[in-house]
Structure formats: structure tokens, C-alpha cells
Amino acid sequence: MDPQSPIHVSLRGVTKVFVSGLGRTHALGPIDIDLRRGEFFAVVGPSGCGKSTLLDVIAALTPPSQGAVTFEGRPIGNTVPDGVGVVFQENACFPWLNVADNITFGLRRQPVDKTEIEQRLQYALQLMGLQDFAHAFPSQLSGGMRQRVCIARTLVMQPRLILLDEPFGALDQQTRLLMGDELLRIWRATGATVLLITHALDEAAMLADRVAVMSARPGRILEVIETGWPRERDSQIVSVPEFGAITARLWTLLRAQSMQALRPEAV
Amino acid sequence: MRIALYRLLAVLLPLALLEILCRDRFITPLTLPAPSQILLGLWAVIEKGTFNAAILKTLTNVGLAFVLSVVVGITTGAAIHRARLLRALLEPLFSTYYAIPIYAFYPLFIVVFGLGDAPQVLIGFMLAVVSMIVSTLAGLDSVPPVLGKTALVLQLGPVETVRSVTLPYAAPYLFTGVKLAVAYAFIGVIGAEFIMSGTGLGYEIRFAYDNLDNNVMYPLILLILLIAITVNMSLDRWEWRLRARRGHG
Amino acid sequence: MALASAAGARMMRRTIYAHPSLFLVIGLLCLWQIAFWLVGRDALLPPLETILYLAGLLQTARFWGHIAETGTAFVIALAISVVAGLAIGLALGLNRMAAEVFEPFLLAGNSVPKIALYPIVLLIFGIGMPAKIAFGAIHGVVPVAIFTLTACSNVPPILFRAAAAMRLTRWDTIRSVLLPAALPDIFSGIRIGFSLTLIGTILGEMFGSQRGLGYLLMTAIGLQNIQVIMSVTLLLVLVAATVNTLLLAQDRRLRNPATPSQAP
């Protein structure tokens with residue numbers, strides 16, 4: 001990763017406290033991170049550490065309790081900024097629309113003309129290997145294919161920042177590796193900044209330029225590890241020795257945190 | 001295929017038995033005419049068109065009650081879904097609503113709205129609307145939070161979100177509500193006509209009963225059953241097709 | 001000042017959340033009073049007068065005679081509804097083929113305006129107690145049967161596989177696995193059957209009877225006796241709503257066995 005690249009997203013002193021009838025839950029922070037433009041950044045942490053909350057705050061899906069988030073130099077407001085795309089872990093396909101209509105759903109609500117929509121659709125279908133399924137309905141697809149539809153739906157909006165919230169969490173291991181390869185291809189093809197939230201150490205180690213390790217709740221950044229991978233890379237790097245070293249390093253940092261997250265009172 | 005055959009048998013065998021019992025005068029025509037007689041009577045009623053006005057009146061009122069309840073039910077359901085306090089307040093009403101004998105209010109409606117069509121339509125509407133509201137609420141509850149987030153990411157406004165994301169997702173539940181609304185609109189309107197009114201199929205059945213005119217009464221009862229069952233079955237079929245496409249089995 | 005009212009509003013909200021039924025009743029009484037002011041004495045009686053009139057009726061032996069009549073018919077009809085509904089539902093629930101064949105008939109039976117069948121019931125049973133009971137049971141049996149059938153088919157197949165793995169006999173599987181697993185849904189069916197049986201019994205009395213609350217209601221309608229119409233309606237609504245609320249609470253307990261019964 002080029003350290004000279006300009007800062008794209010910046011978090012300063014971001015915290016999140018949930019207030020409910022039962023009391024206050026300090027879920028997150030304070031957190032300071034800078035994402036550079038075009039960087040692939042991963043966040044790993046034990047379950048319940050507030051990873052997803054962090055993503056929601058950056059996407060302006062929920063306001064931070066304290067602190068500020070800036071995207072492309074402007075503070076984010078209370079709506080999702082233009083140029084930000086989000087892919088969730090859960091199946092977010094619209095079951096009543098076929099694949100093509102799912103992918104163009106957001107685009108059709110923008111001032112984009114028909115031929116442009118068609119072009120972007122074809123591009124996304126091809127990039128995600130969905131050409132033969134344009135007229136299929138989500139119920140006819142496997143979990144991996146549905147997640148491709150959701151990624152394609154994000155891609156056609158041509159986001160400059162792609163946020164991924166455990167996008168492969170519901171998939172089997174082989175599919176995860178293949179989807180990881182596709183994610184890397186998309187990342188290179190679009191030049192977008194990618195923030196990947198995951199609980200899978202190998203996924204983070206294989207995909208990201210930098211991996212931030214989060215503590216148990218309230219989630220803080222314990223350390224940011226540079227992987228030093230070349231931009232041209234794929235899932236084959238799981239077999240190089242450095243991969244093992246990085247994963248081991250991540251696990252050392254996370255082990256104590258994960259044990260803490262497992263204690264009943266932390267749930 | 002075999003199931004269809006068994007279903008057919010399940011209808012035809014009791015009918016055949018009834019036919020034999022009636023022909024043997026084991027059941028007198030004063031109690032129940034033979035099924036074949038009823039069917040012929042139905043044909044005669046339709047051919048002569050004596051009751052066309054009554055049929056039209058009933059169907060119009062059922063239609064009015066149904067359309068009103070669906071429109072009001074979905075809008076109210078969507079509104080209540082957002083207003084948590086109001087919903088908490090109304091939830092006990094919804095859960096006891098169908099335990100209340102709505103027909104008991106009918107005389108009040110007559111006094112308030114007169115003897116026109118309004119009281120019948122209102123009874124049908126009152127029976128139907130709550131099932132539509134409850135189904136709408138259940139449907140909106142079923143929408144996974146991730147779809148709401150997706151709508152935010154796609155920068156949809158609240159109205160657009162309800163229109164293009166939440167309501168389509170909730171469609172199977174809404175369909176259940178629509179089916180119940182049709183049934184309740186029928187039950188309400190015909191019941192009201194039966195209790196006290198001068199028009200409609202319900203009234204004609206009561207009139208025929210009071211005059212011991214079985215040749216009119218049974219065909220009209222059969223007609224009502226056929227209409228209600230046909231409408232219900234067509235909706236079932238339609239629902240099945242919609243669900244098959246969405247893979248909700 | 002503004003702060004105090006904001007805090008007051010929050011307290012109010014919390015109180016409403018804690019006792020929604022209480023506030024619902026208050027709200028409905030207010031609406032009733034407003035409706036009375038709007039339409040006048042020809043059509044409505046105000047809440048207080050209705051309650052007082054009902055209290056007056058409840059002190060007469062004749063009124064209790066009507067209640068006893070309706071009560072007897074209702075209890076018998078409910079017993080028939082529950083027993084027959086359970087029998088039909090279980091018979092179909094245990095036999096997939098039979099369920100497939102007969103389920104559409106049950107669902108159709110649910111969507112039909114049963115009041116249209118009433119003349120047939122009268123012709124078969126004549127005016128009197130049996131007709132009322134039959135009419136009440138016609139209303140109640142279908143929902144009990146449908147809910148029981150659905151409850152049986154909704155039991156997760158894994159439970160039957162587990163039962164088979166534990167070498168339970170067929171009878172033991174029904175008794176110790178199927179019935180407990182299906183009980184909450186069956187209970188819901190009985191709750192709905194309760195309401196519909198009551199409505200059916202009252203409707204039966206309205207046309208085919210010389211006694212009972214339904215008969216009282218029908219004569220009052222003929223005489224335009226607003227006082228009797230409203231008091232009897234109020235009584236029916238109160239009884240139906242109270243019993244339904246109790247059954248609903250039991251329903252919730254069956255669904256969440258972990259919650260202690262004292263919990264709000």
C-alpha cells in the first residue's frame with residue numbers, strides 16, 4: 001500500500017453508547033483510524049466487539065455518540081453519503097425481484113439513463129459471473145450467488161468506498177476463498193477503498209493491506225498490522241510462510257480478547 | 001392427481017348418499033330437498049334472474065367493504081407500525097377484537113346510518129379491517145433489518161422505502177390479510193343482510209326461510225357457498241403462484 | 001418548565017407501556033362518550049348510564065335466566081367444538097394423505113358465511129336449545145380443527161427423528177412429543193374457537209330461540225330498545241374480552257415456558 005495515498009476516510013474519537021430501558025451499553029471506542037484512498041483495510045475482532053457498529057457509524061447508518069467521521073474531507077451527516085456502498089452479511093436481496101432488477105434497483109432511482117443502466121448491469125453481471133442468472137429469482141440461487149447479487153447491486157452504483165460487513169460470514173469455507181478472490185479482482189478493477197469487517201483471521205490476513213485488531217467490548221483498536229502483500233494477489237497466498245506468520249500474530253492479539261468475549265456477562 | 005380424485009370422492013360420496021336418502025324420503029323435502037333438486041333450483045334461479053338485483057347488491061356491498069378494509073387496513077397498519085406507543089395501546093384491542101360479537105353493534109349502526117347500504121358495508125368493513133391491519137403489522141415486522149439498512153444505503157426516503165422495499169417484502173403477509181378480508185367482508189355483509197335488512201342475498205334467504213320456500217332458500221344458500229368458496233380458492237391459487245416464484249414454498 | 005413537561009411526557013409514555021389495556025379501555029370509554037354527544041340519545045346511551053342499566057338488569061332473576069340459558073348452550077357448544085375440532089385436527093395431523101385431501105375443505109369452511117347455513121340448522125333441529133348448540137359448534141369446530149392440524153404439521157421433523165432414535169413407540173411419540181410440541185398452537189385454536197362459539201351461540205339465539213341473551217338482543221332490536229341493546233352488548237363484550245385476555249395470557253405462558261408467571 002502506498003503510504004503517500006491521500007486520506008479517504010478518517011475517524012476521530014468515535015464512540016458509541018447504546019441507551020435502552022435496561023441502561024447504557026458502551027459498545028465502541030474511542031476509535032481513531034485513517035483509511036487511505038484505494039486501500040484494502042480489514043477490521044477483525046471477537047464477536048460482540050462492535051465491529052458492525054463501527055461500520056454502521058462510517059456508513060452514517062447510526063450516529064456516533066461522540067467523535068467525528070469524515071469522508072473525502074467532508075464530515076458525514078445523518079444520511080449515507082454519495083459514493084458509499086455497503087454489503088451486509090445477511091441476505092439483502094429483494095425476494096420479489098429477479099437478479100437483474102435487484103442489481104439495478106438503486107440505479108433506477110437515480111438520474112441515470114437507460115443505456116447507461118444496461119451497460120453497468122451487463123458489466124456487473126459479467127464481473128460477478130451472474131450472466132446466466134439475470135432472470136433468476138433469489139430463491140433459486142445459493143447463498144454465495146445471492147451475496148454476489150448484493151455485491152453487484154453495490155458495484156453498479158460505482159462507489160468510491162465499499163463497506164463490507166462480514167459479507168462471507170454465512171458461506172462455506174471454499175466459497176469464502178473464491179469470493180475473496182473475486183473481491184480482490186473487484187477492488188483492483190474499481191480502484192475503490194474497501195473496508196472489510198470480519199471475524200475470520202485468515203480472511204483478513206489474505207485480503208487486506210492493513211488489518212486492525214479490535215478488543216472485546218467496548219471495541220477499541222489494539223493494533224494495526226501491515227500485511228505487505230503486492231496489489232496483484234489471490235487466495236494462493238494462504239500457502240506462503242508470511243501468511244502463517246500474520247495469522248499467528250493476529251491470533252496472539254485476539255486470543256485473550258475472544259476469551260473475554262465468551263464470558264457470560266460480556267454477552 | 002390421486003389427491004384430486006380423493007377430494008372429488010370426498011365431495012361426491014356424501015352428496016350421493018344424501019341424494020339416496022332424500023329420494024327414499026328418509027329425509028323429507030321439507031327439511032332438505034335432494035341435492036339434484038337444489039342444483040336444478042340454482043339453475044332456475046340464475047336463468048330466471050329473479051335474484052339478480054339481490055346478488056348484485058350483495059356483491060357490491062361486499063366489494064365496497066373489502067376495498068375499504070384493504071386500503072384503510074394497509075395504511076393504518078403502516079402508520080401504526082411506526083407509532084410504537086399507539087401500537088402498544090391498540091395491541092390488546094386487536095387481540096380481543098374477534099372475540100367481540102360485532103353483529104351486536106348492527107342495530108346501533110341502523111339507528112345512526114339509517115336502513116340503507118351503509119350499515120351492512122360498515123359491518124363487513126369492521127370485521128375485515130382488523131385482520132388487514134394485523135396482517136400488515138405482522139408483514140412489516142417480518143422485514144429483516146438488513147433491508148431497512150439497504151434502503152438507507154440506496155438513499156431512499158421513508159415513503160419510497162415503504163413503497164418499494166417493506167411492502168413488497170411483506171406482500172405474502174398482506175395477501176393473507178386480503179384473503180381474510182374477503183372472507184370477513186362476505187360474512188359481515190351477508191350476516192347483516194340476514195339479521196335486518198330489506199335487500200341482498202342474506203335477506204332473500206331469510207325471507208324464503210320465513211315462507212318455508214325451500215325451492216328458493218337452498219339454491220340461494222348453495223349460491224353463497226359457491227361464490228365464497230370460488231373467490232377463496234382463486235385467491236389461494238394466485239397466492240400459491242406468487243409464493244412459488246419467491247420461493248417461500 | 002419545558003423540562004418538567006418533557007419528563008412528565010416520558011412518565012406518561014412509560015405508564016401507558018406498562019398498562020396498555022387500562023388506557024385502551026379509558027380511550028374507548030372517551031370515544032363512546034364523544035360518540036354519544038355526536039349522535040344523541042336516539043342511537044346511543046352514554047357509558048355510565050349503560051353500566052348502571054346493566055347493573056340494574058343483573059339484579060333481576062329474569063335476566064339471570066337468560067344468562068343461564070345462553071351459558072348452558074355455550075358451554076355445551078364449546079365442549080363439542082373442542083372435542084370434535086381436536087379429533088378432526090389430530091386425525092388429519094397424523095395422516096398426511098388425509099390432511100392433503102381434507103385441508104382445503106376445512107379452509108373453505110372457515111371462509112364461508114356460516115349464517116347462511118342457519119336455516120338448514122333450524123330445519124334439522126327445530127327452534128330451541130339443540131339448534132343454538134349446533135350453530136355455536138359449527139362456528140367453533142373449524143378453527144379448532146385448523147389450528148390443531150397446523151400445529152401438528154408445524155412440529156419440527158427433527159423431534160420425530162429424535163423420538164425414533166430414542167425408540168419411542170408411536171403412542172409414546174404422540175403423547176410425549178407431538179402433543180407437548182403442538183400444545184401452544186392448539187391452545188390458540190381453542191382460544192379462537194371460544195370466541196367464535198360464543199358469537200355463533202348468540203347468533204343462533206337471535207333467530208331460533210325464545211330465551212337467552214341473543215333472543216333478548218333481537219327483541220330489543222325489534223322494539224328499538226336502546227337501553228337493552230347497549231347493556232346486553234356491553235355484557236357480551238366484557239365477558240368475551242375478559243375471557244380472551246385470560247386465555248391470551250395463558251397462551252403466552254405456554255409459548256414462553258421460561259418466563260415466570262409473575263412477569264408483566
Side-chain angles (χ1 to χ4, degrees), chain A residues 21 52-53 55-56 58-63 77-98 101-111 135-142 146-147 149-150 153-154 156-157 159 161-167 169-170, chain B residues 74 77-78 82-89 91 135-136 138-179 235 237-249:
Chain A
S52 294
T53 308
L55 178 133
D56 283 1
I58 297 174
L61 288 169
T62 182
N78 46 19
T79 56
V80 180
D82 276 317
V84 174
V86 187
V87 179
F88 301 99
Q89 173 180 3
E90 302 95 328
N91 167 26
C93 290
F94 299 132
W96 62 96
L97 298 176
N98 67 23
D101 289 340
N102 254 294
I103 293 175
T104 57
F105 181 89
L107 216 47
R108 280 180 279 129
R109 282 162 179 74
Q110 301 269 319
H135 300 292
F137 281 87
S139 59
Q140 300 166 306
L141 302 178
S142 67
R146 277 184 218 156
Q147 201 54 296
V149 175
C150 291
R153 184 166 70 189
T154 306
V156 292
M157 306 297 281
L161 171 64
I162 303 175
L163 306 172
L164 302 134
D165 188 2
E166 308 239 15
Chain B
I74 292 181
R82 309 215 96 195
R84 281 184 50 228
L85 188 69
L86 189 61
R87 181 174 180 182
L89 203 58
E91 213 59 82
S135 303
T136 306
L140 293 178
D141 284 344
S142 77
V143 179
V146 70
L147 289 195
K149 282 189 181 182
T150 304
L152 285 176
V153 171
L154 296 171
Q155 300 178 329
L156 305 188
V159 175
E160 180 70 6
T161 302
V162 168
R163 207 178 64 87
S164 349
V165 179
T166 33
L167 282 186
Y169 189 90
Y173 289 83
L174 298 185
F175 209 101
T176 308
V178 165
K179 267 168 50 188
L235 285 173
R237 171 92 7 136
W238 187 19
E239 180 183 30
W240 189 80
R241 284 218 307 268
L242 278 180
R243 278 185 185 236
R245 199 173 75 166
R246 284 172 57 147
H248 278 261

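Per chain, numbering begins at 1; letters A, B, ... match sequence-line order.
Residue A:Gln89: no heavy atom, backbone or side chain, is found under 4.5 Å from chain B. Looking at A:Ala59, there are no atoms closer than 4.5 Å to chain B (heavy atoms on both sides), in backbone or side chain. For A:Pro159, no part lies near chain B; criterion is any non-hydrogen pair under 4.5 Å. For A:Cys93, the part lying under 4.5 angstrom from a heavy atom of chain B is the backbone only. Contact of B:Pro168 with chain A is made through backbone and side chain together, with heavy-atom distances under 4.5 Å.
When each of A:Thr62, A:Asp56, A:Val86 is tested with B:Lys149 by the rule side chain to side chain contact (heavy atoms under 4.5 Å, CB included), just one qualifies, namely A:Asp56.
More than 12 non-hydrogen atoms from other residues, nucleotides or ligands lie less than 6.0 angstrom from CZ of A:Arg108. Atom CZ of A:Phe137 sits in a crowded spot, with more than 12 heavy atoms from other residues, nucleotides or ligands closer than 6.0 Å. By the 6.0 Å contact criterion, CG on B:Asp141 is enclosed, its count of non-hydrogen atoms from other residues, nucleotides or ligands being greater than 12.
Taking CZ from A:Arg109 and CG from B:Leu156, the interatomic distance works out to 6.0 Å, rounded to the nearest 0.5 Å.
Side-chain atoms of B:Ser164 and A:Phe105, non-hydrogen and from C-beta on, do get closer than 4.5 Å to each other. B:Tyr169 places a side-chain heavy atom less than 4.5 Å from the side chain of A:Trp96. Residues A:Asn91 and B:Val146 form no side-chain contact, since every pair of their non-hydrogen atoms from C-beta on lies 4.5 Å or further apart.
Of all the heavy atoms in B:Val153 and A:Leu61, the pair that sits closest is CG2-CD2, 4.3 Å.
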